[in-house]
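Input: a single structure, listed below in structure tokens.
One is the number of the first residue; the rest follow in order along the sequence. Below, all heavy atoms of this structure are taken into account, side chains as well, without hydrogens, waters or symmetry copies.
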Amino acid sequence: MYSSKITVQVKRKKKAGAGLFKGLMVFFGVLFVLMGIMFSRGFMLSGFLLVVLYFIFDTFSKKEYEYTLDGMELRISVIWGGHYRREAHVLNLQEMEVVAPNWHGSVARYRKNGGTEKLHKYDYTSYDDDIPYYTMIIKEDGRKIKLLLDLSEEMLDQIRRLCPGRVKLA
């Protein structure tokens, strides 16, 4: 059987209040620096701290995920601000139990409300309502975990070929 490498990049949608919060930080940062120039230097420290806080918040509010399927190995990386990458999971697909849409009956027992089994959940979706996401139940380091993923059709087909019978779509 042939081996291929498939990579999917998922960009997380910004939260509703993030733009307003960043605007307020810039406004108060500039206000405090100007007050420090006009009145007292004590205001400048808080202005500069707000500017530093703005850059930290801006970096960590932009989040992307990268799924890489290489043979029977699925790697999930988290990318903050387009620069900082951390590998979150390295998973062996032979230990996968099921992949299905979030509404499917095969993952019903793992749902938050109404499910019988409680698993640690990792959400690597874009939060976009137009993109369907899938639930993957897999073992990592000897314990079952639940992953929420925005899988492309190409990656889903490859997982279906590698693990027949474990991908439920209908």
Could you tell me whether the side chain of [Y] reaches within less than 4.5 Å of the side chain of [X], counting heavy atoms only?
X	Y	value
Leu148	Asn102	no
Arg166	Val98	no
Thr125	Arg12	yes
Thr135	Tyr110	no
Leu74	Met136	yes

Please report the closest heavy-atom contact between [X] and [Y], naming both atoms and the distance.
X	Y	value
Val8	Ser152	CG2-OG, 3.5 Å
Lys13	Asp128	CD-CA, 4.4 Å
Lys146	Arg111	NZ-CA, 4.0 Å
Ala88	Val78	CB-CG2, 4.0 Å
Val107	Ala100	CG1-CB, 4.1 Å
Gly71	Leu162	O-CD1, 3.0 Å

Aromatic rings Phe43 and Phe32: how do their planes relate, parallel, tilted or perpendicular, breaks at 30° and 60°?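 Phe43 vs Phe32 ring planes: parallel.
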Quick one: do [X] and [Y] end up in the same hydrophobic cluster if we chain Ile, Leu, Val, Met, Phe, Trp and Tyr together by side-chain heavy atoms under 4.5 Å apart?
X	Y	answer
Val52	Phe27	no
Val90	Leu93	no
Phe60	Met25	no
Met72	Ile138	yes
Ile6	Val10	yes

Any chance you could measure [X], atom [atom1], to [Y], atom [atom2], to the nearest 0.5 Å?
X	Y	atom1	atom2	answer
Leu24	Leu31	CG	CG	11.5 Å
Phe39	Met44	CZ	CE	12.5 Å
His89	Ile145	NE2	CD1	5.0 Å
Ile131	Leu151	CD1	CG	11.5 Å
Ser106	Leu169	OG	CG	9.5 Å
Leu53	Phe57	CG	CZ	8.5 Å

Do Tyr67 and Tyr124 have ring centres separated by under 6.0 Å?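 They do not qualify: ring centres at least 6.0 Å apart.
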Within 6.0 angstrom of Lys14 NZ, more than 12 heavy atoms from elsewhere: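 At most 12 heavy atoms, drawn from other residues, nucleotides or ligands, come within 6.0 Å of this atom.
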Give a yes or no on this: more than 12 heavy atoms of other residues, nucleotides or ligands lie within 6.0 Å of atom OH of Tyr122.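 Buried by this count: over 12 neighbours within 6.0 Å.
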Intermediate values then yes/no, side chain to side chain contact (heavy atoms under 4.5 Å, CB included), Leu69 and Ile159: CA-CA 9 Å; Leu69 181 63; Ile159 292 173; 3.8 Å; yes
Tell me which pairs pass side-chain hydrogen bond (donor to acceptor under 3.5 Å, both in side chains) where either residue lies in residues 25-39, with sequence neighbours left out.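 Listed once each, the pairs would be none.
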side-chain hydrogen bond (donor to acceptor under 3.5 Å, both in side chains): which pairs involve residues 72-82, sequence neighbours left out?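 Sorted pair list: Glu73-Arg75, Arg75-Glu87.
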Using the side chain to side chain contact (heavy atoms under 4.5 Å, CB included) rule, take Leu149 and Val99 through it: C-alpha gap first, then chi angles, then the decisive distance, then the call. CA-CA 10 Å; Leu149 305 167; Val99 173; over 6 Å; no
Can you list every pair that meets salt bridge (charged side-chain N to carboxylate O under 4.0 Å, His left out) and has a residue in residues 40-58, with sequence neighbours left out?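 Residue pairs passing salt bridge (charged side-chain N to carboxylate O under 4.0 Å, His left out), neighbours aside: Lys22-Asp58, Asp58-Lys62.
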